[in-house]
Amino acid sequence: MPELPEVEAVTRRVRRMAAGARIVSAGLYRAGIAAPQNPEKIRRGTRGQRIEAVERRGKNILVFLDGGSVLRVHLRMTGNLTVIADHRLRPVTARAWFELDGGRAMILDDPRALGRITLHKTAELAKLFSNLGPEPLGPEFTPEFLARIAAASRKPIKLLLMDQRLIAGLGNIYAVEALFQAGIHPARKACRAGAGRLRALHAAIVGTLKLAIDSAIKAYELPGGFSEEEVFPAAVYGREGEACLRCRRLVRRMKQGGRSTYYCPGCQK
DNA sequence: AGTCACCTGATT
DNA sequence: AATCAGGTGACT
């Protein structure tokens with residue numbers, strides 16, 4: 001379930017639980033997880049390494065190892081990176097695992113096995129992310145920046161928001177939610193969005209992501225397993241046919257780039 | 001620019 | 001049986 005907020009929550013939790021630990025051994029259950037590299041490279045490159053830091057870049061989790069290499073974990077659609085107390089008790093959906101000293105393990109738990117783990121030299125990170133846009137919660141992502149990339153694009157504004165080369169970390173849900181908040185129709189050509197609406201969109205993106213990070217962290221910490229949807233109720237996402245919370249018209253669904261877009265025909269022009 | 005493949009599980 | 005899923009990269 002990972003867009004930027006969920007990946008941020010996962011990153012913080014793994015950082016708290018695994019920073020300083022040493023990797024005893026690694027296992028990868030299928031070659032695809034390491035694509036386009038291979039499992040052996042990751043097994044060899046991580047054995048005996050100590051985890052120095054855990055960071056996030058866009059939707060990527062970066063596990064920095066001593067010795068100058070870094071594991072890049074991408075959760076794709078259904079992945080989750082967790083630390084468990086006993087490496088032998090990993091679930092069957094654990095597609096990769098890193099046994100830590102003390103018998104714990106950091107695992108990539110991913111039912112669909114679409115997640116990816118690759119190993120890189122720390123010095124190569126800049127090149128790896130050379131096509132990734134700025135962090136939406138970082139200093140580069142200003143209203144002026146959003147106005148600039150919007151003016152330069154004729155594609156539907158929702159696809160612009162989800163283009164990782166332009167902004168790093170927004171996905172389907174939060175793009176949909178931010179556009180609803182800003183009152184912009186998802187199919188509007190980016191270059192034809194008004195200046196005022198774009199300013200509102202910038203604020204909506206930042207506000208939505210910050211709120212969602214808090215929600216994702218709470219969702220993980222709540223005992224009894226509250227789902228994130230209960231903590232962060234979406235205004236339009238997944239609500240096709242239900243009344244818009246603002247104007248009571250019925251929320252619609254359409255396809256953009258193969259993904260479902262939800263919007264209110266009354267509030268978003 | 002649009003579609004498909006990658007995977008599996010849940011829902012209709 | 002068919003469709004859907006919070007992502008991405010490789011096709012046409």
Side-chain angles (χ1 to χ4, degrees), chain A residues 1-11 28-39 56-61 72-81 91-96 108-118 128-133 136 152-180 186-191 205 208-209 211-220 226-241 251-263:
Chain A
M1 332 171 292
E3 294 182 35
L4 185 151
E6 294 79 14
V7 177
E8 176 66 23
V10 167
T11 299
L28 289 93
Y29 284 137
R30 54 173 88 194
I33 297 298
Q37 300 179 349
N38 61 73
R56 179 191 59 76
R57 178 75 176 91
K59 297 172 194 168
N60 298 275
I61 302 165
R72 185 206 60 144
V73 181
H74 198 298
L75 303 175
R76 294 280 182 99
M77 297 279 272
T78 51
N80 190 11
L81 191 69
V92 291
T93 46
R95 307 303 182 183
L108 171 63
D109 192 8
D110 186 357
R112 279 175 75 177
L114 294 172
R116 292 287 179 269
I117 298 181
T118 50
L128 182 66
F129 294 132
S130 62
N131 286 325
L132 203 54
S153 172
R154 287 175 312 254
K155 68 180 167 189
I157 190 148
K158 188 216 177 193
L159 297 185
L160 174 131
L161 294 184
M162 291 179 67
D163 188 338
Q164 303 298 298
R165 297 169 301 184
L166 300 175
I167 306 170
L170 271 186
N172 203 32
I173 289 188
Y174 299 113
V176 160
E177 291 293 312
L179 286 167
F180 170 75
R188 175 167 288 273
K189 285 191 195 327
C191 59
I205 290 169
T208 302
L209 288 178
L211 194 61
I213 288 174
D214 290 343
S215 301
I217 289 169
K218 283 200 189 98
Y220 282 129
F226 265 76
S227 68
E228 192 182 337
E229 299 83 74
E230 291 171 83
V231 184
F232 183 88
V236 284
Y237 184 86
R239 299 189 65 245
E240 181 184 18
V251 172
R252 289 189 189 162
R253 178 163 75 111
M254 65 190 282
K255 285 280 186 191
Q256 289 182 289
R259 323 293 309 282
S260 284
T261 296
Y262 299 84
Y263 67 102

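By convention in this document, chain letters (A, B, ...) are assigned in the order of the sequence lines, proteins followed by strands, and residues within each chain are numbered from 1.
Residue Arg165(A) is classed as having no contact, given no heavy-atom separation below 4.0 Å to the nucleic acid. Among the atoms of the strands shown, none is found under 4.0 Å from any heavy atom of Thr93(A). Nucleic acid contact for Arg154(A): none, since no nucleic acid atom lies under 4.0 Å from a heavy atom of the residue.
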Can you build the contact string for nucleotides 7-12 of chain C? Use B for base contact, S for sugar-phosphate-only contact, and - for no protein heavy atom under 4.0 Å.
BS----
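To the nearest whole angstrom, the two P atoms, one in dG9(B) and one in dG9(C), are 24 Å apart. Comparing the same atom, P, in dC7(B) and in dA1(C) gives a spacing of 22 Å after rounding to whole Å. Separation of the P atoms belonging to dC4(B) and dC4(C) is 13 Å when rounded to the nearest angstrom.
Listed by first residue number, the stems of DNA chain B with at least three Watson-Crick or G-U pairs below 3.5 Å are B:1-6 with C:7-12, B:8-12 with C:1-5.
In this structure, Val10(A) and Pro2(A) have side chains that are not in contact, with every pair of non-hydrogen atoms separated by 4.5 Å or more.
First and last contacts of DNA chain B with chain A, using any nucleotide atom under 4.0 Å from a protein heavy atom and ordered 5' to 3', fall at dC6(B) to dT8(B).
A donor-acceptor pair is defined here as one N or O able to donate and one able to accept, closer than 3.5 Å; such a pair exists between the side chain of Gln164(A) and the backbone of Gly169(A). Side-chain atoms of Arg116(A) come within 3.5 Å of backbone atoms of Gly32(A) as a donor-acceptor pair (strictly under, hydrogens ignored).
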Could you give me the CA-CA distance, side-chain angles and deciding distance for Lys59(A) and Leu75(A), then say whether side-chain contact (heavy atoms from CB on, under 4.5 Å) is met?
CA-CA 8 Å; Lys59(A) 297 172 194 168; Leu75(A) 303 175; over 6 Å; no
Please test Arg239(A) against Phe180(A) for side-chain contact (heavy atoms from CB on, under 4.5 Å), starting from the C-alpha separation and ending with a verdict.
CA-CA 12 Å; Arg239(A) 299 189 65 245; Phe180(A) 170 75; over 6 Å; no
Before giving the answer on side-chain contact (heavy atoms from CB on, under 4.5 Å), spell out for Lys158(A) and Asn172(A) the whole-Å C-alpha distance, their side-chain angles and the decisive distance to 0.1 Å.
CA-CA 8 Å; Lys158(A) 188 216 177 193; Asn172(A) 203 32; 2.5 Å; yes
Dump the intermediate steps for side-chain contact (heavy atoms from CB on, under 4.5 Å) on Leu209(A) and Leu170(A), then the final yes or no.
CA-CA 9 Å; Leu209(A) 288 178; Leu170(A) 271 186; 3.9 Å; yes
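Looking only at atom types and distance, the side chain of Thr208(A) has no donor-acceptor partner in the side chain of Glu177(A) under 3.5 Å away.
For Leu211(A), the side chain to side chain contact (heavy atoms under 4.5 Å, CB included) partners two or more places apart in sequence, or in a different chain, are Phe232(A). Residues satisfying the salt bridge (Lys or Arg N to Asp or Glu O under 4.0 Å) criterion with Lys155(A), sequence neighbours excluded, are Asp163(A). Here Arg154(A) pairs with nothing under the salt bridge (Lys or Arg N to Asp or Glu O under 4.0 Å) rule; sequence neighbours left out.
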